[in-house]
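Structure first, commentary second.
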Protein chains: 2
Amino acid sequence: MPDPVVVLIEDEPQIRRFLRATLTGQGYRLFEATSGADGLVEVGSRQPDVVIVDLGLPDIDGIEVIRRLREWTDVPVIVLSARGQERDKVTALDAGADDYVSKPFGASELLARIRVALRHTAGASHEADEAAFKLGELQVDLLHRRVFVGEREVHLTPIEYKLLTTLVQHAGKVVTHQQLLREVWGPTHTDQAHYVRVYMAHLRHKLESEPARPRYLLTEPGVGYRLAAE
Amino acid sequence: MPDPVVVLIEDEPQIRRFLRATLTGQGYRLFEATSGADGLVEVGSRQPDVVIVDLGLPDIDGIEVIRRLREWTDVPVIVLSARGQERDKVTALDAGADDYVSKPFGASELLARIRVALRHTAGASHEADEAAFKLGELQVDLLHRRVFVGEREVHLTPIEYKLLTTLVQHAGKVVTHQQLLREVWGPTHTDQAHYVRVYMAHLRHKLESEPARPRYLLTEPGVGYRLAAE
DNA sequence: GCGGATTTTTACGCGATTTTTACGACCCAA
DNA sequence: TTGGGTCGTAAAAATCGCGTAAAAATCCGC
């Protein structure tokens, strides 16, 4: 996963400075807003993984910021507040906040609560990862790393599999020898164009019903190879 | 939605009484446990929507309770604790807790945090969250940490068990050597790939009827291992 | 501190995989 | 026609990864 993105909506400069140091030091990408209005725009444009919002903002009330966010996004919201009153907490949480931290707060606690928030969204995205490629009889299940021709499962060696998936990722488009070598063998072997031919032959024998007259793994003479598309 | 089910793991009688009144008054169905061991069983049998756990339990440490729960379920866990120390919070949250409330706490705040937890699971609702894994003769009871082959119970060492459950959690998918090392031995041992082979051999001898021709614990050459799925 | 269980090391044979080498077919331009 | 280039195929050689066993070190309960 790339570095998580955090939007911080906070008007007090010293708190911003403190959190900037803490969060960037932990590998988060931080974007700051100093008012509620700015904050709403920032969340819209940055698509963050977590939002941290202070309740005491100069323009809009923090509670109102949360309500507006909840109209269109489920991004985790952590509230920072000087008010430690119980009714403030309840109001913020019921408005849609996911957590509430009272000032003064410790950096490590806030970081831990951010990790909790990230955990939650990590689980949610897990559902949408049905990754499969189908083309005629050929079927590549990226998620389970399995390849089928019709009903029959085909075993591929690591290089064969990597080569195939590289072609799958650019299905329909031509991939040059250079690209394939770089993707499969790494940037150091960019001259052994022979490897590609040898392994393309392997793949054709395993996947094509008539390896000499390929239906899926097509040669683009002088350029590279192409995986046929619908 | 029917009334949400809550399991409370707490040894102090006065807190239990207080929460019983509060929660049942709000329409929650409450089940109580007074020790960590009881709590784990209760969560397993009641399938609650939220678990509330005190850190100071008579038998098992509350942190350990959270870890054991996280081996097989994603149910939201809210920690209650007399210790307000920051490092306690971080430990609990990183062990898998979703929220941390320090004593003394107000009823309305706790209720609000329960509502947050319920909101989270409402979205990801119907995940078939079974505490047991079955595949042919092989049967893994995550809740009680027991493993069977047919009728016979098999004893596994801690590492063997962790390795197996890691594969169970990704059943059907390939798990790379790296992942297994990180999950079982921790992020520091990410280069000793032998370990995995040695222990996979152990597991096969204990679980497979024909260790040389495994039916469950499959090798993906050059990549890692995979627990067969239906 | 003892003894058994468990984990960590070490070593090695075998088979799968990758790399290398060789060669014939084909296309196109000189 | 011919010769250099690209491509496909086959098979040999080198390498690597896997499974296995067993010894050494460590942990843990008594």
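Computed from heavy atoms alone, side chains included, the values below leave out hydrogens, waters and symmetry copies. Chain identifiers are assigned alphabetically (A, B, ...) following the order of the sequence lines, protein sequences preceding nucleic acid strands; residue numbering begins at 1 within each chain.
- With B:Lys89 contributing its side chain and B:Tyr100 its backbone, the two residues share no donor-acceptor pair below 3.5 Å.
- Applying the 4.0 Å criterion to OP1 and OP2 of C:dT8, one finds that B:Trp185 has a side-chain N or O inside that range.
- Note on B:Tyr199: every side-chain N or O is 4.0 Å or more away from OP1 and OP2 of C:dT9.
- To the nearest angstrom, P of C:dT19 lies 12 Å from CG of A:Leu163.
- Rounded to whole Å, the distance from NZ on A:Lys162 to C1' on C:dT17 is 17 Å.
- Residues forming a side-chain hydrogen bond (donor to acceptor under 3.5 Å, both in side chains) with A:Arg46 (at least two apart in sequence, or on another chain): A:Glu42.
- Taking the charged nitrogens against the carboxylate oxygens, B:Glu86 and A:Arg113 have no contact shorter than 4.0 Å, which rules out a salt bridge.
- Per the geometry, CG belonging to B:Leu217 stands 10 Å off P belonging to D:dG19, to the nearest Å.
- Rounded to the nearest 0.5 angstrom, B:Tyr225 OH and B:Leu163 CG are separated by 9.0 Å.
- Atoms CZ (B:Arg213) and P (D:dG19) sit 13 Å apart, rounded to a whole Å.
- Between the CD atom of A:Gln192 and the C1' atom of D:dT6 there is a distance of 17 Å, given to the nearest Å.
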Walk me through whether B:Asp88 and B:Arg83 qualify under salt bridge (Lys or Arg N to Asp or Glu O under 4.0 Å).
CA-CA 7 Å; B:Asp88 292 321; B:Arg83 309 177 231 167; 3.6 Å; yes
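- The nearest whole Å value for the distance from the CG atom in A:Leu181 to the P atom in C:dT18 is 15 Å.
- A:Arg29 has no carboxylate O lying under 4.0 Å from a charged side-chain N of A:Asp3, or vice versa, which leaves the two without a salt bridge.
- Between B:Glu208 and B:Arg215 there is no salt bridge, since no side-chain N of the basic residue sits under 4.0 Å from a carboxylate O of the acidic one.
- With salt bridges taken as basic N to acidic carboxylate O contacts below 4.0 Å, one links B:Asp98 and B:Arg70.
- For DNA chain C, the residues of residues 152-161 of chain B within the heavy-atom distance limit of 4.0 Å (strictly under) are B:His155, B:Thr157, B:Pro158, B:Ile159, sorted by number.
- Distances shown here put every side-chain N or O of A:Tyr195 at or beyond 4.0 Å from the OP1 or OP2 atom of C:dT17.
- At whole-Å resolution of the value, CD in B:Glu220 and C1' in D:dG19 are 16 Å apart.
- We find that B:Lys103 and B:Asp54 are joined by a salt bridge, their nearest charged nitrogen and carboxylate oxygen being less than 4.0 Å apart.
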Dump the pairs, protein N or O against N or O of nucleotides 10-17 of chain D, anything under 3.5 Å, distances to one decimal.
none

